[in-house]
Amino acid sequence: MLSRQHKLLVMKIISLFSVVRGYNIPIIVLAQYLSAIFILAPEKRALDILLDFNLFLIVFASAITIASGYIINNFYDSQKDLINRPNKSMLDRLVSQKTKLSVYFTLNFVAVLMAFVVSWRAFLFFSAYIFLIWFYSHKVKKYPLVGNLMAAFLAVIPFFAILLYFYNKISFEEIEDHMSHFMVISAHAVFLFLLLLIREMIKDLENLKGDLANDYRTIPILYNETVSKQIITALTILTVLPVYVLINIYDVGYMDIYFYVCFGVLLFFLLYLWRSNSKGQYLLLHNVLKFLIVSGVFCIVLINPSVLWHGKALISKF
C-alpha cells in the first residue's frame with residue numbers, strides 16, 4: 001500500500017501529465033516522424049531517418065515546446081477552466097502555479113538548447129515559436145477569429161520545423177527537384193490547419209459560459225452562435241481545396257481513402273452542427289474532429305504502405 005505522501009506525489013504527476021496533455025505528445029512525435037518518412041524523404045530508408053540524431057532533437061524539442069505551451073495556456077486559463085472543465089481543473093490544481101511556471105521555463109530551456117545543438121537557425125526558430133505560444137496565451141487568444149487562427153497556426157508549426165530541417169540540407173539547385181514534397185506537405189498542413197481552426201471555433205461554442213465570465217471576446221459572444229456556425233460551415237467547405245490538390249495533382253497513394261472518408265464524416269458533422277445547441281453536443285463535434293486529426297496521422301502510412309513491409313523484412317534479418 002502506498003503512503004499518503006506517495007499517493008499525493010502520484011496524483012501530482014498525473015496532474016502535471018494532464019496539464020501538459022501528455023496523451024497528445026506521442027501523437028505529435030509520431031506525426032512528425034511519419035511526415036519525414038513518407039512525405040519529406042521517401043527516397044531514404046526509414047531506419048536512417050529514425051536514427052538521425054539531429055532529427056530526433058528537432059522532434060523532441062517540438063514535443064517539449066508544445067508541452068510547455070499547454071502549461072502556459074493552462075496558467076492563464078485557470079479561472080476559465082473552473083467553469084468550462086471543473087473536473088479537469090480540480091485535477092490540474094494539484095500542481096501549484098509556481099511549479100507549473102518552473103516546469104514551463106525548464107522545458108523551454110531544454111528545447112532551445114536542443115535546437116542550438118542542431119543549428120543556430122533551429123535555435124532562432126524555436127525561440128520564436130516559444131515566444132509566439134506565450135504571446136498567444138497571454139494576449140491574442142481573447143480576440144475573435146485572430147485567436148482561433150493563431151491557435152491553429154501554432155499547432156501546425158512543428159511540421160514546418162522538420163520541413164526546414166530537410167530543406168536546409170539541400171542546395172538551391174536541388175530545391176526544384178523537391179518542390180513536389182514541399183507542395184504535398186503544404187497541402188497536408190493547410191488541410192490540418194483548417195481542421196484545427198474548425199476545432200478551435202467549436203471549442204468557442206463549447207466553452208461559451210467560461211469565456212463570457214472571463215471577458216473572452218469570441219465570435220459566439222460578440223455576434224451569436226449562428227454566425228459562428230456559418231463560419232465553421234465555410235471553413236469545412238474550404239477543406240475541399242487542399243484535398244483536391246493532394247488527390248488530383250500529387251500522388252498520395254492510398255491516403256485518398258482517408259480523405260474520401262473525411263468528406264463523409266464532415267458532411268454528417270455539418271448536419272449535426274446546425275442541430276446542436278448544448279455543451280454536450282459541441283463536445284461530441286469536438287471529439288469527431290479530434291478523431292479525424294489523429295486518424296489522419298496514422299493514415300500517413302497509406303501514402304506508401306510498402307515501407308512497412310520493407311521495414312519488417314529489415315528487422316527479420318537481425
Side-chain angles (χ1 to χ4, degrees), residues 12-37 39-41 49-78 92 95-141 147 149-169 185 188-189 192-193 196 200 293-294 297 300:
K12 284 187 175 182
I13 291 171
I14 294 171
S15 173
L16 192 59
F17 183 84
S18 171
V19 170
V20 302
R21 312 275 181 91
Y23 41 84
N24 283 346
I25 304 302
I27 299 296
I28 294 164
V29 170
L30 180 65
Q32 287 182 291
Y33 270 115
L34 290 178
S35 298
I37 293 168
I39 301 174
L40 286 173
I49 292 174
L50 292 173
L51 296 177
D52 186 331
F53 182 65
N54 282 340
L55 178 61
F56 166 77
L57 291 178
I58 291 291
V59 171
F60 197 75
S62 299
I64 61 177
T65 299
I66 291 166
S68 74
Y70 284 131
I71 292 173
I72 200 67
N73 197 52
N74 178 274
F75 179 84
Y76 286 116
D77 278 355
S78 58
D92 293 350
V95 177
S96 68
Q97 297 287 69
K98 183 180 178 181
T99 301
K100 288 175 187 175
L101 284 179
S102 297
V103 175
Y104 168 74
F105 287 115
T106 302
L107 290 177
N108 284 337
F109 175 76
V110 173
V112 295
L113 186 62
M114 286 180 163
F116 186 74
V117 170
V118 177
S119 71
W120 64 269
R121 291 183 183 88
F123 172 79
L124 291 178
F125 180 92
F126 279 97
S127 298
Y129 188 29
I130 289 166
F131 170 77
L132 286 173
I133 290 174
W134 169 81
F135 187 63
Y136 161 77
S137 300
H138 183 52
K139 292 287 185 183
V140 179
K141 72 179 303 179
L149 286 166
M150 191 167 180
F153 173 68
L154 290 172
V156 175
I157 281 182
F159 296 98
F160 287 99
I162 57 168
L163 176 69
L164 292 174
Y165 172 72
F166 280 103
Y167 268 67
N168 191 45
K169 289 181 168 185
I185 199 165
H188 275 282
L192 176 61
F193 173 81
L196 289 166
E200 289 298 320
I293 292 166
V294 173
V297 170
I300 291 174

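Because the structure is predicted, anything quoted here is derived from the model rather than measured.
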Got [X] and [Y] here, is their nearest side-chain heavy-atom distance under 4.5 Å?
X	Y	answer
F56	Y33	yes
L50	I37	yes
L192	F159	yes
I72	L101	yes

Taking every non-hydrogen atom, the tightest pair across [X] and [Y]:
X	Y	result
A63	V29	CB-CG2, 3.9 Å
A189	V156	CB-CG1, 3.8 Å
S35	I300	OG-CD1, 3.9 Å
A155	L196	CB-CD1, 3.4 Å
A161	S62	CB-OG, 4.3 Å
L132	M150	O-CE, 3.4 Å

When the side chains of residues 123-131 are checked against the rest of the protein, which donor-acceptor pairs come out under 3.5 Å, sequence neighbours left out?
from, atom 1, to, atom 2, distance (Å)
S127, OG, F123, O, 2.7
Y129, OH, L154, O, 2.7

Find the distance between [atom1] ([X]) and [atom2] ([Y]) and round it off to the nearest 0.5 Å.
X	Y	atom1	atom2	value
I49	I162	CD1	CD1	9.5 Å
L163	I58	CG	CD1	12.0 Å
F116	L57	CZ	CG	13.0 Å
L107	T65	CG	OG1	8.5 Å
L34	I27	CG	CD1	10.0 Å
L55	Y165	CG	OH	5.5 Å

So which of T106, N73, N108 actually passes side chain to side chain donor-acceptor pair (under 3.5 Å) with S68?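 With S68 as partner, side chain to side chain donor-acceptor pair (under 3.5 Å) holds for just one option, N108.
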Would you please test V118 and M114 for side-chain contact (heavy atoms from CB on, under 4.5 Å) and show each step? CA-CA 7 Å; V118 177; M114 286 180 163; over 6 Å; no
Over 12 non-hydrogen atoms of neighbours within 6.0 angstrom of CZ in F160: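 Correct, the count exceeds 12.
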Could you tell me whether the side chain of Q32 and the main chain of P158 form a donor-acceptor pair under 3.5 Å?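 Indeed, once roles are kept as given, a pair shorter than 3.5 Å links the two residues.
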